[in-house]
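Read the structure below first, then the notes.
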Amino acid sequence: MPRKTVVIGLVGSSLDAGVGDKRWTRWRPSVAICQQTEFRVDRYELLISGTSQSLGAQVAADIVAVSPETEVHSHALALADPWDFSEVYAALDDFAEAYTWRANEDYYLHITTGTHVVQICLFLLCETRAMPGVLLQASPTRTPRDGTPRDAVGRIDVIDLELAKFDRLSARFRARQARGASLLKQGIATRNAAFNAMIEELEHVASKSRDPLLLTGETGTGKTALCARVHELKRARQHLAGELVAINCATLRGDLAMSVLFGHAKGAYTGAAEARTGLLRKADKGLVFLDEIGELGLDEQAMLLSAIEDKRFYPVGSDKQVTSEFQLVAGTNRDLATAVRAGKFREDLLARISLWTFHLPALRERPEDLAPNLEYELERISAELGTLVSFAKPARDAFLRFAETAPWRANFRDFNAAIRRMATLADGGRIDAAAVRAEIARLERAHRASADDDHLGAVLGSKINTLDRFDRVQLADVVAVCATAASLSAAGRELFAHSLEGRTTRNDADRLRKYLARFGLEFDALRRDTQVR
Ligand SMILES: Nc1ncnc2c1ncn2[C@@H]1O[C@H](COP(=O)(O)OP(=O)(O)O)[C@@H](O)[C@H]1O
Ligand SMILES: [Mg+2]
């Protein structure tokens, strides 16, 4: 048996109306559908609302007149108010429920007639497959300028939501996603597969979710910059209206930390002459970026967790809760799971913020992106310096060759600084081979010096940045000795070898212990931390 074509549609009280012979010159959508030469209608399910019964009968008769092969079934639809959404939806849904849908019939849901409410309901029923068909639209052919009568037959268009979704619309979605991803990448045409996949996933999540995001990666991999792009993307897409408020948790210390984050009431403590809003409230309906979240104290972590979950919290010294709907983006270059095991980070907070974790690969893991980033940085600096800076070809090749094997410990911070130096020093905007050689020598020197800081970094974490250079140099050597010594006493003996001569008491271990304590360090723990590496 051949498939049958079935149209389901409502009689339009004004569009389908018309009296006398003149009605044949008018475009009446329900009748016009059955006058199409390329579209044979086997059956027409004519839905007729209460007040249109006589019009319905006329339309049914006219359909048969223009298209004898069409069987017309009329259905009275109890619609007191065709503008009432729930009433119309219920009436159409009841029809769909009672109707016998057959596998060998193709259904066309006619949406030209009826109120907009009827059209919306048909769309929804089609979209949800409660009415398994495609949408059918009839339209008049345009009235020519010369005023000749409008063609009563017009034309029809089939709107297949499934196809529209998967073809035209999905192409649009893809283009939109690509624009979002490009924004997140600052327009840099990166080629590294892992980085691009991370960005694409972030684009998805950022455009759908308000859950916390966690950005992990070494220093300088672009966490702060990426968070700013996420904010920009969400603003552009109207997902949020508020500000981006960013803070590095390593700068939050002691009593002030609570008040900086959550605000305080007037007179909350000595010196609190004025109330303070706090960053989380400032970011209401916006984004909070907490960089180095691992540095946050345990009390602040507990408050933060409840602020994320309840969107409410108490400012310091206040008994009135305040609300703030902020989205949290956290950054870390530490392994927070390790911090949890060490009792320095709350497990429940980690669980809450790590739902969406995005890892930013180090620059040395993305060698294919060095060239596009080089171009980007050069353009940026050119704009800043007001002169066009470029590389001589061999100089560029030499620099990229070196860049592929360089450690770039501070990632973009180091990489961009190198380009900035070469661009600034370049005579006449041209970076030549000699300039590249000089820069490479400089980078290598800096690398050797920072290797000494390695052990120190392992035991001090980001506290290393708070040390005076004076202490840093000394402490780096002390830590290097401790890392390899057999015991505290052995390290003490080695460090104080000269003052040992001529002394009778042996208090080197004690002296070393006290020295380490000044920096909050302890020999056994230090040994553990340096061993891990
Ligand atoms: N994709 C990138 N391309 C070029 N430079 C970048 C990129 N991402 C970040 N930067 C630059 O590198 C430096 C460090 O970035 P930042 O976002 O602060 O890193 P992090 O927060 O991970 O330490 C900044 O000067 C920033 O402008
Ligand atoms: Mg940062």
Side-chain angles (χ1 to χ4, degrees), residues 180-203 206 213-233 244-252 279 287-296 328-336 353 357-385 389 399-400 403-404 406-424 443 446 450 453 457 461-466:
S182 169
L183 189 153
L184 292 178
K185 296 199 291 187
Q186 300 171 225
I188 305 173
T190 52
R191 299 192 277 250
N192 180 267
F195 181 77
N196 287 348
M198 183 276 288
I199 290 288
E200 265 167 44
E201 190 177 310
L202 177 59
E203 191 275 344
L213 308 176
L214 178 63
L215 306 180
T216 66
E218 294 178 7
T219 183
T221 46
K223 301 182 291 293
T224 305
L226 187 57
C227 179
R229 296 288 88 71
V230 168
H231 180 250
E232 203 179 309
L233 181 70
L244 167 64
V245 178
I247 185 140
N248 187 327
C249 297
T251 65
L252 292 177
L279 296 183
L287 219 60
V288 174
F289 181 55
L290 295 183
D291 204 356
E292 307 297 348
I293 194 164
E295 301 298 316
L296 206 58
L328 177 71
V329 182
T332 185
N333 62 2
R334 271 224 249 163
D335 178 19
L336 293 177
I353 65 173
T357 301
F358 297 93
H359 180 68
L360 280 76
L363 207 49
R364 79 188 86 81
E365 294 163 336
R366 325 166 34 188
E368 60 276 68
D369 287 344
L370 290 164
N373 272 299
L374 178 71
E375 298 311 327
Y376 173 81
E377 222 25 58
L378 214 52
E379 247 174 65
R380 208 166 65 114
I381 294 169
S382 294
E384 206 183 297
L385 298 175
V389 184
F399 182 72
L400 283 174
E404 277 172 23
W408 301 121
R409 296 161 63 95
N411 296 288
F412 282 115
R413 264 189 208 99
D414 285 349
F415 182 76
N416 294 355
I419 297 165
R420 172 173 292 268
R421 276 189 298 267
M422 288 187 288
T424 310
L443 287 166
S450 66
D453 271 357
S462 61
K463 244 196 292 177
I464 193 171
N465 300 320
T466 64

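Counting begins at 1 with the first residue of the sequence. Read the numbers this way: they start at 1 and go in the same order the structure lists the ligands and their atoms.
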Any side-chain heavy-atom pair of Leu290 and Ile247 under 4.5 Å = yes
At a 4.0 Å threshold, what atoms of ligand 1 neighbour a non-hydrogen atom of Lys223?
-> 17 (O), 19 (O), 20 (P), 21 (O), 22 (O), 23 (O)
among protein heavy atoms, the one nearest atom 3 (N) of ligand 1 is Asn373 OD1, 3.1 Å
List the closest protein heavy-atom neighbour of atom 18 (O) of ligand 1: residue, atom name, distance to the nearest 0.1 Å.
-> Arg413 NH2, 3.0 Å
Which atoms of ligand 1 have any heavy atom of Gln186 under 4.0 Å away?
-> 1 (N), 2 (C), 7 (C), 8 (N)
Between OD2 of Asp291 and OG1 of Thr224, what angle is found at the Mg ion (ligand 2), rounded to 10 degrees?
-> 90°
Starting from atom 17 (O) of ligand 1, which protein heavy atom do you reach first, and at what distance in Å?
-> Ala225 N, 2.7 Å
Polar proximity ligand 1 side, Arg380 side, N/O cut 3.5 Å exclusive = no
Distance-only polar pair, side chains of Thr190 and Asn196, donor-acceptor under 3.5 Å | yes
Do His359 and Thr357 touch side chain to side chain, with heavy atoms closer than 4.5 Å?
-> no
May I ask you to decide if Asp369's main-chain N or O and Asn192's side chain share a donor-acceptor pair within less than 3.5 Å?
-> no
Any idea which protein heavy atom is nearest atom 21 (O) of ligand 1, and the distance to it?
-> Thr224 OG1, 2.7 Å
Do Val230 and Phe289 come close enough that some side-chain heavy atom pair is under 4.5 Å?
-> no
Is there side-chain contact between Arg366 and Leu370, with heavy atoms separated by less than 4.5 Å?
-> no
Ile381 versus Val389: any side-chain heavy-atom pair under 4.5 Å?
-> no
Partners passing salt bridge (Lys or Arg N to Asp or Glu O under 4.0 Å) against Glu200 (at least two apart in sequence or in another chain) | none
Go through ligand 1 atom by atom and flag the ones less than 4.0 Å from a non-hydrogen atom of Thr219.
-> 23 (O)
Nearest-contact summary for atom 6 (C) of ligand 1 - protein heavy atom, Å | Phe412 CG, 3.7 Å
Shortest non-hydrogen contact from Phe415 toward Leu363 | CB-CD2, 3.5 Å
Is the closest protein non-hydrogen atom to atom 27 (O) of ligand 1 under 4.0 Å?
-> no
N/O separation below 3.5 Å, Gly220 to ligand 1 | yes
Would you find more than 12 non-hydrogen atoms of other residues, nucleotides or ligands less than 6.0 Å from Glu379 atom CD?
-> no
Would you say Lys223's side chain and Ala330's backbone share a donor-acceptor pair under 3.5 angstrom?
-> no
Which of the atoms of ligand 1 are close to Ile188, meaning less than 4.0 Å from one of its heavy atoms?
-> 3 (N)
Protein heavy-atom partner closest to atom 16 (P) of ligand 1 - residue, atom, separation in Å | Gly222 CA, 3.7 Å
Would you check the N or O atoms of Tyr376, main chain and side chain alike, for any that come under 3.5 Å of an N or O of ligand 1?
-> no
Within the structure, does at least one protein heavy atom fall under 4.0 Å of atom 24 (C) of ligand 1?
-> no
Where is the nearest protein heavy atom to atom 11 (C) of ligand 1: which residue, which atom, and how far?
-> Asn416 ND2, 3.5 Å
Looking at Glu377, which atoms of ligand 1 are within less than 4.0 Å of one of its heavy atoms?
-> 4 (C), 5 (N)
